[in-house]
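Chain letters run A, B, ... following the sequence lines, proteins first, then strands; residues in each count from 1.
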Amino acid sequence: MSDFERFNPHVADARWQKIWDERQSFVADDASAKPRAYVLEMFPYPSGRIHIGHVRNYTMGDVIARYKRMTGHEVLHPMGWDAFGMPAENAAMEKGVHPGGWTRDNIANMRTQLKRIGFAIDWSRELATCEPDYYGHEQALFLALYKAGLVYRKESAVNWDPVDMTVLANEQVIDGKGWRSGAPVERRKLSQWFLKITDFAEDLLAGLGALDQWPDKVRLMQENWIGKSQGLKCRFAFPGSNREGIDVFTTRPDTMFGASFVAIAADHPVAQKLASNAPELAAFIEECRKGGTTAADIETAEKMGFNTGLSVEHPLDPSWHLPVYVANFVLMDYGTGAVFGCPAHDQRDLDFARKYHLNVTRVVADGDLTDSAFAGNVAYAGPGQIVNSHFLNGMTVDQAKADVIAKAEADGWGVGQTQYRLRDWGVSRQRYWGTPIPIIHCDTCGAVPVPDAQLPVVLPEDVSFDIPGNPLDRHPTWSKVDCPSCGKPARRETDTLDTFVDSSWYFIRFASQPANKPFDRETAEKWLPVDQYIGGVEHAILHLLYARFWTRALNHIGMIDVKEPFASLFTQGMVTHQTYQDADGKWLSPEEVKREGDIWTIIDSGAAATAGRIEKMSKSKKNVVDPDDIVDQYGADAVRWFMLSDSPPERDLEWSESGIEGCWRFVQRLWRLVGQTSDAAGKDEALNRKTHQAIAGVAADIDALAFNKAIAKIYDLANAIEKAPPSESRNAAIRNIILLSAPMVPHLAEQAWEALGGEGLIADAAWPEVDPALLVESEVTIAVQVKGKLRDTITVAKGLAQDDLQALALASQKVQHAIDGAEIRKVIVVPDRLVNIVI
RNA sequence: GCGGGCGUGGCGGAAUUGGUAGACGCACCAGAUUUAGGUUCUGGCAUCGCAAGGUGUGGGGGUUCGAGUCCCUUCGCCCGCACCA
């Protein structure tokens, strides 16, 4: 049995990967009659190298995919590339390569890396979003939404980098400067394409309720992002005008009698108009705009206001006039860009009122009902009884809200309104490496959709990156086309789509990819929704909200009968690693340092080093582990096993040398077990029980994505097998532990399956059946407590009667010693669990 | 500030509806095999104590026959959002 001394992954990995590939083992059959399982991990951006985080992500998905195959499912487990985006253009500018060539080379490298890890992926469905046979269909979908009125164009303020001559996303603006150029970002107005995600705000919010297999955290983040609030929109009219005035949105119409001022945003049209002949106001507005936008800035920013000298009538009492301020804390892009200030019951308003010596009137009381004065500098935002408010007096907050809204609607000065924080999705990007927006601008006809027959609008490859800006803008011929409507010379739209559009439907294209249309409805509906989606929590809002919206939008226009794309979502933790620094704080890689006791030194220089925090792997901190290197060293199975061990999958996993070595040893241990089958006969009842409990337990743990627990149970079974004497049961246990491990360590499992004479591939084998009779222990160990403290344990037949249990417990010497002759007041007996004697 | 999560051995972590805390792994210690071992095997490993026994799930309090688990309070760490009217 010398073959079983050592498992050699360098031979086995490649051998089995080739066999799976040749047999097309993981190609999903659209026509299968089996129950389906669609397992998907968020597809990677082809940056050039696979990151260890990818390995963890795809290993989890792979275990589920392989397990689902074993339990009789037709599994769809595809892989593709989120291939458009800025890094390719940055590489083009920095290295002089073409974004397309750079991206496609990266994809080739990363595909090779992924294949070495042995994932059960249907590579026949591989796609890259940067290829016309993907983005052309995306253009068709965009136009379908356009024709349905879900796409529109409007002027919008954007972050403009004047050096790179491009728009930056909010995340790309750091301290007011472009992340790449370092130039101060300008606010610029540009015509942008928008998708009407706000049309679906209520539906997207309501849909969260049914996503019970999503993490609460992600649902809550989306809920907050959509930001629904209900209140009153009403007008504060200018005195003497014919109902001209300032519209205000409030969630607290119940506090209207506590109003003492109206404040408008610096960008509010009324402020803008006044500023044109009031230099002081113009200066104040400029000051407001400069205000920082970082968290710390906002925290410490003082409430500032500018009294416009205007006043407005209180809607509930037109003889009561309120001053109008321009205030730095009012935002133009939420609500109406104007608020009424009720200082007693809103902290910002109170800060503002104290600073500018405005009235502070209490209108909600939680105790004393008479005093209208409001002391102190802490606003009261809680519940209570309305006071000092005429006809509202005595009502609760909720009653008063409803009453004021009803009165406003009856008298015509306001309406109850639901407000969302969510705004429409601006998808225009002034970039080359993205999906061209399939629109043609004609001076006569306006924006005209590209006719279907002319799709895809293909990105030209002959572009240069030697000067900043969008190369599509300065391409000599590409943008020059005839108007599809009137035939006169016209221009193509040179903006491209946000890459989040690309990732908003790739899961549909995976399920069905005909050449002549985005997807075949019937086939896509067979697979969708994705049964298990796995990815990083950093996509909790953007990608996951956009994909939910896009799917709903397609549903809305009748293209697909699916509303929620991902039935179950799992967000995995990061892979972390120890960091090291030298005396100057320079980062050191783990290979550069050595340890003696608790002292770390730099190997080359002998200088002192410090072991720092355990952090997410990043190049800048030099704590990266390259998947290729570790697969070279330990083989794919040990790496996969490590990715699943110890840490619960939603938490961070710390990479460690000793950890991976332990995994390597276990892989070898499993292999040695395979060599230990014998021709011994005979049953080993205890081992049979252990085996069947493991089969059931591992299945339950994989179903719950508790891979660390599944692995603990496999270790446990391995320990039991090693201790058991040879028997038929032991042979069966060995065969079963290989089946249980197959989703995690598939190469070793195939090799073992072959050695054990298993039929076909273990990749096609069925999950072992559980004998329910063996799950039930015939004997149970009962805890015996005296006054809640454990004093003894007794082993008895399962299901023993309460009286017998009590008698056995009382017969224990240890128990009698603890009772020490005291009077027994009560005995609690929980069958098969414990006896508690109360004295 | 608002919202959410987490605190269990030296470390990662287990622990159905409240019912024997510390499964499993890593590290460490002792022994055996080996020319040797960073191999393999056996045993040990919360803590105080010679023992009997006591104490232990961040701290304090409560409910209960019984609390890691439920409630109140407090401390610490992490994440998300943020002048949202």
State whether A:Arg665 places a side-chain N or O below 4.0 Å from either non-bridging phosphate oxygen (OP1 or OP2) of B:C41. no
Need one value for A:Asp216: base, sugar-phosphate or nothing, where a base atom within 4.0 Å counts as base even if backbone is also close, heavy atoms only. nothing
Rounded distance in Å between the P positions of B:C70 and B:A23: 23 Å
What's the base orientation of B:G9: syn (chi within 90° of 0) or anti? syn
Within this structure, what is the CH2-CD1 distance for the pair A:Trp655 and A:Ile52, rounded to the nearest 0.5 Å? 5.0 Å
P-based separation of B:G13 from B:C79 [nearest Å]: 16 Å
Between B:G9 and B:A27 - C1' atom distance, rounded Å: 12 Å
Given that both distances must come in under 3.5 Å, which nucleotide forms a Watson-Crick or G-U wobble pair with B:C6? B:G76
Establish, for the pair A:Arg421 and A:Trp225, whether the NZ or CZ atom is under 6.0 angstrom from the six-membered ring centre and no further than 45 degrees off its axis. yes
Let's see if you get this right: which residues in residues 828-839 of chain A place a heavy atom under 4.0 Å from RNA chain B? A:Ile828, A:Val830, A:Arg833, A:Leu834, A:Asn836, A:Val838
Does a side-chain N-to-carboxylate-O contact under 4.0 Å join A:Asp346 and A:Arg252? no
Separation of the P atoms in B:A85 and B:U73, to the nearest angstrom: 26 Å
Using the P atom as the point on both nucleotides, what is the distance between B:G7 and B:A52, in whole Å? 33 Å
Which is true for A:Val330 with a 4.0 Å heavy-atom rule: it touches a base, it touches only sugar-phosphate, or it touches nothing? base
If we take the P atom in both B:C28 and B:G76, what is their distance in whole Å? 35 Å
With both distances under 3.5 Å as the test, what is the Watson-Crick or G-U wobble partner of B:C84? none
Using a 4.0 Å heavy-atom cut-off, does A:Arg651 contact any base of the nucleic acid, only the sugar-phosphate backbone, or nothing at all? sugar-phosphate
B:U17 and B:G25: how far apart are their P atoms, nearest whole angstrom? 25 Å
I'd like to know if the side chain of A:Gln676 pairs up with that of A:Glu722 as donor and acceptor (distance under 3.5 Å, no hydrogens or angles considered). no
Which of residues 698-714 of chain A have a heavy atom under 4.0 Å from RNA chain B? A:Asn708, A:Lys709, A:Ala712
Would you indicate, yes or no, if B:A85 has its OP1 or OP2 atom less than 4.0 angstrom from a side-chain nitrogen or oxygen of A:Tyr334? yes
Evaluate the side-chain hydrogen bond (donor to acceptor under 3.5 Å, both in side chains) criterion for residues A:Asp792 and A:Ser812: first the C-alpha distance (whole Å), next the side-chain angles of each, then the deciding distance (0.1 Å), finally the verdict. CA-CA 7 Å; A:Asp792 200 0; A:Ser812 158; 2.7 Å; yes
